[in-house]
Amino acid sequence: MDALNELAEAYSLQVIEDATESLGSLYRGRHTGGLGHIGCFSFNGNKIITSGGGGMVVTDNEETARRIRHLSTQAKSDPLEYDHDEIGYNYRLTNIQAALGLAQMERLEDYVAIKRKNAQQYRHALQDISRVRMLDESADVKSNFWFYTIKTERRDKQPLLQWLIRHGIQARSLWKPIHNLKMYSHNENFKIEQADEAYACCLNIPCSVNLSDEDIRYVAGIINRFFERPA
Ligand SMILES: Cc1ncc(COP(=O)(O)O)c(C=O)c1O
């Protein structure tokens, strides 16, 4: 983020930080979402906290906040008349979603602590499997470990994914890189390599805050058995 902010400063750009996946994480001691000019979060059902759907935008700039509020509440310019001074959107959270989200926010720190503890347990349980690596945490980052992503070799990814599903374990591929989706396939303006490599080698293993120590041992055991089975 420091490098991006420097670039933005040099070229008078605004940094919009999508901190959805990292809510509760710290970068150099500061919360993600507050590192650029504008931060945004999704509170979709699969996130570390949820309001059932919808999201939030944060900024410390009064004028930007006013503009976002205006656009997300139908751009009404008069409190009584239905007078819209530009094309607006009905993008606000409902009161009920916001109440749910606030209650969930109170649990965020606990969830992050559980996610971090479980990450350590997975790391410990998988450490002897040479063809599996858990993603590391950089020195200046405190991750929320929303997902547990493991990296395998290309040849292992699909068979391991199928193996886990066959053993009743909810594993998933990474999101397909957007430039590989049919409708955006003509939008690749430079050679994208890292995302393709991550997609080819990585998968996500169970990450619920409700996982027990035994669940984690079970998942790690099944992964272990995959690599020990006769070729
Ligand atoms: C980085 C990021 N941004 C946004 C979203 C989704 O946002 P929305 O609430 O629009 O589905 C996701 C995942 O669902 C995400 O991972």
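The model shown is predicted, which means the values in this text are computed figures rather than measured ones. Positions are given from 1 along the sequence. Every number for a ligand or one of its atoms is a count from 1 in the order of the listing.
- Both tests pass for K157 against the ring of Y199: distance under 6.0 Å to the centre and angle within 45° of the axis.
- The shortest contact between atom 9 (O) of ligand 1 and any protein heavy atom is with S42 OG, 2.6 Å.
- Remark: R229 qualifies as a cation-pi partner of F226 under the 6.0 Å distance and 45° angle criteria applied to the six-membered ring.
- Nearest protein heavy-atom contact of atom 13 (C) of ligand 1 is K47 NZ, 2.9 Å.
- With hydrogens left out, the protein atom closest to atom 2 (C) of ligand 1 is D18 OD2, 3.4 Å, a heavy atom.
- Q97 has its side chain out of reach of L100: every pair of non-hydrogen atoms, C-beta onward, lies at least 4.5 Å apart.
- Of the protein's non-hydrogen atoms, the one nearest atom 16 (O) of ligand 1 is E21 OE2, 2.5 Å.
- Here L23 contributes atom CG and K47 contributes atom NZ; the two are 11.0 Å apart, rounded to the nearest 0.5 Å.
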